[in-house]
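Notes follow once the structure below has been shown.
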Number of protein chains: 2
Amino acid sequence: MSIRDKRKLTGIPDGVIGRLPVYYRYLEELDRNDVKRISSAQLGEALEITAAQIRSDFSYFGSFGQQGYGYRVDELKKQIGAILGLSREYRMVLIGAGNIGRALANYQNFARRGFKIVAIFDSNPLLEGNYLAGCVIQPVSKLESYLKENEIDIGIIATPYEYRQELCDFLVDNGVKGIWNFSPIHLNVPEHVVVEHTHLTDNLLQLSFRLNENALISGGFDEDSQKE
Amino acid sequence: MSIRDKRKLTGIPDGVIGRLPVYYRYLEELDRNDVKRISSAQLGEALEITAAQIRSDFSYFGSFGQQGYGYRVDELKKQIGAILGLSREYRMVLIGAGNIGRALANYQNFARRGFKIVAIFDSNPLLEGNYLAGCVIQPVSKLESYLKENEIDIGIIATPYEYRQELCDFLVDNGVKGIWNFSPIHLNVPEHVVVEHTHLTDNLLQLSFRLNENALISGGFDEDSQKE
DNA sequence: TAGATTGTTAATCGATTAACAATC
DNA sequence: TAGATTGTTAATCGATTAACAATC
């Protein structure tokens, strides 16, 4: 079965999609440090992923290496970048200029990779007209006309309580194809729309669980606490 | 095999751990809205998870429901909260008072759940002495003495480039048991320490990949774009 | 009681890993 | 060439799902 067939029939597993940015990030770093060549074994060592898995992940998309040599860092980085969709620009609107919204707007690395925040909206009238990262903060009432006049790829939802599902529906109805959700709620979207959830609290609760799990195990099982 | 045996032998699967905070968050919302009772089918409907998986997840920890009735919302919330380790407080230090660091420090929901930022450090001398969310920003040179004098559970690494692995090692050497890493690098830690990675860029790149994957599939396969 | 829904087992599905022929 | 490492297949492992007896 061809790579394209496999992809069409089964889709790319979530695990693979989750690891692609990890590879990309590390390849960027290697490239910055002028490393020219890397093997799947070396990659695996650095990222705590098995070499077999790395090769298997890559094989969903093609053959990027050379037997007996490994991978050329710059080449592999370029290929994975293309797979991730980094060869074009994305226009994003940010809804919510609170703590998280401001951090995202000021973060330079998104724009550097082609993800531009082109408009910012907030329901707080006190913020209206203020500048944030070079954008005027607009009232949410202007969102609809803005979306009708501008093609937007991604909507970032960083409003803590109000709106949420309704806001998401509104963005989708007005042509936004991707939602990046920071609000602490599960959003339902139609099949053709993509949602990425970034729930900081969930991450912290997972950390909390594992802290206690570790404590529990090393409490009960002394031989385990010896392991490196 | 008892629940406790199962847990000890195999550990809890990552998927389960990842879903626990999702359940918890939704139960909080139900509780706020005075919902008293919920079935695994209803939970699954709202969260796009199968009912069987939800019941299977819960069964790693015990039996919290009643046949023919379902789950009492307040009770289940309490139980999952306890499993997540929310019955005690956690003391956290924040390293890095940049965009993300400031957003985290100002975010009220961590403290509300028992996760307190008790000290903030930054390597930028211009920030030294400024207040952030009620904490003085201290120079990183004071971190060592601070950790020796105070028991800290979690270190939040929100420094974009400098330090990173070295900083992580330093925190671990000084007794920190959990690391919440926002820097764009993979951190290696000893077995007894827990790392949680929150890489915002990775989330955005995953969204980017899926946007293109969807476009690709509906481009090639018109019958697919008909699906709801 | 009858109806509903849990907790758990067995079956299925999918992802990871080990192994190795291909080949640079 | 000999050595190294890929890409891929088959084997293994683990997670999800379907089904249902137990029982509230």
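Because the structure is a prediction, the values reported are computed rather than measured. So you know, we letter chains A, B, ... as the sequences are listed, proteins then strands, and number each from 1.
- In this structure, B:K116 NZ and B:M92 CE are separated by 10.0 Å, a value rounded to the nearest 0.5 Å.
- Applying the 4.0 Å criterion to OP1 and OP2 of D:dT16, one finds that B:R19 has a side-chain N or O inside that range.
- Not counting sequence neighbours, the partners of A:F58 by the ring pair (Phe, Tyr, Trp, His ring centres under 6.0 Å) test are A:Y23, A:Y71.
- Contacts of residues 45-54 of chain B with DNA chain D (heavy atom under 4.0 Å): B:T50, B:A52, B:Q53.
- Side chains of B:R164 and B:S183: a donor-acceptor N/O pair is absent below 3.5 angstrom, by distance only.
- Each salt bridge (charged side-chain N to carboxylate O under 4.0 Å, His left out) pair with one or both residues in residues 77-87 of chain A, not counting sequence neighbours, appears once here: A:D31-A:K77.
- Residues passing the side chain to side chain donor-acceptor pair (under 3.5 Å) test with B:T198, sequence neighbours excluded: A:N203, B:W180.
- Between the CZ atom of A:R72 and the P atom of D:dT6 there is a distance of 15 Å, rounded to whole Å.
- The nearest whole Å value for the distance from the CG atom in B:D57 to the P atom in D:dT17 is 10 Å.
- Taking atom CD1 of residue A:I12 and atom P of nucleotide C:dA15, one finds them 10 Å apart after rounding to whole Å.
- Closest non-hydrogen pair, A:N109 versus A:Y107, comes out as ND2-OH, 3.2 Å.
- When the side chain to side chain contact (heavy atoms under 4.5 Å, CB included) test is applied to B:D34, the partners found at least two apart in sequence or on another chain are B:K36.
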Could you tabulate the donor-acceptor pairs under 3.5 Å formed by side-chain atoms of residues 43-54 of chain A, not counting sequence neighbours?
| residue | atom | partner | partner atom | Å |
| --- | --- | --- | --- | --- |
| A:E48 | OE1 | B:H186 | NE2 | 2.8 |
| A:E48 | OE1 | B:N188 | ND2 | 3.3 |
| A:E48 | OE2 | B:N188 | ND2 | 3.4 |
| A:T50 | OG1 | A:Q53 | N | 3.2 |
| A:Q53 | OE1 | A:R19 | NH1 | 3.3 |

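- The residue among A:V16 and B:F58 whose nearest nucleotide of DNA chain C is located toward the 5' end is B:F58.
- The stretch residues 34-42 of chain A touches DNA chain D through A:S39, A:S40, each having a heavy atom within less than 4.0 Å of the strand.
- Among residues two or more places apart in sequence or in another chain, the side chain to side chain donor-acceptor pair (under 3.5 Å) test is passed with B:E29 by none.
- If you check D:dA15, C:dT8, C:dA15 against the side chain of A:P13, the one that comes closest is C:dA15.
- A search for side chain to side chain donor-acceptor pair (under 3.5 Å) contacts involving A:D14 returns B:R210, not counting sequence neighbours.
- Distances shorter than 4.0 Å separate some side-chain N or O of A:Y71 from OP1 or OP2 on D:dG7.
- What you find for B:V176 and B:I154 is that their closest heavy atoms are CG1-C, 3.9 Å.
- The 5' end of DNA chain C is approached more closely, in terms of each residue's nearest nucleotide, by A:G15 than by the other of A:G15 and A:R55.
- Helical stems in DNA chain D, defined as runs of 3 or more consecutive Watson-Crick or G-U wobble pairs with both donor-acceptor distances under 3.5 Å, are listed by first residue as C:3-24 with D:3-24.
- Exactly one residue among A:E89, A:E28, A:Q108 makes a side chain to side chain donor-acceptor pair (under 3.5 Å) with A:R113. That residue is A:E28.
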Are there any protein N/O atoms within less than 3.5 Å of an N/O atom in nucleotides 22-24 of chain C, and if so, which ones and at what distance?
| residue | atom | partner | partner atom | Å |
| --- | --- | --- | --- | --- |
| C:dT23 | O4' | A:Q67 | NE2 | 3.4 |
| C:dC24 | O3' | A:Q66 | OE1 | 3.0 |
| C:dC24 | O2 | A:Q67 | O | 3.0 |

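- Evaluation of the side chain to side chain contact (heavy atoms under 4.5 Å, CB included) rule for A:D202 yields A:H199, B:P21, B:V22, B:R25 as partners, not counting sequence neighbours.
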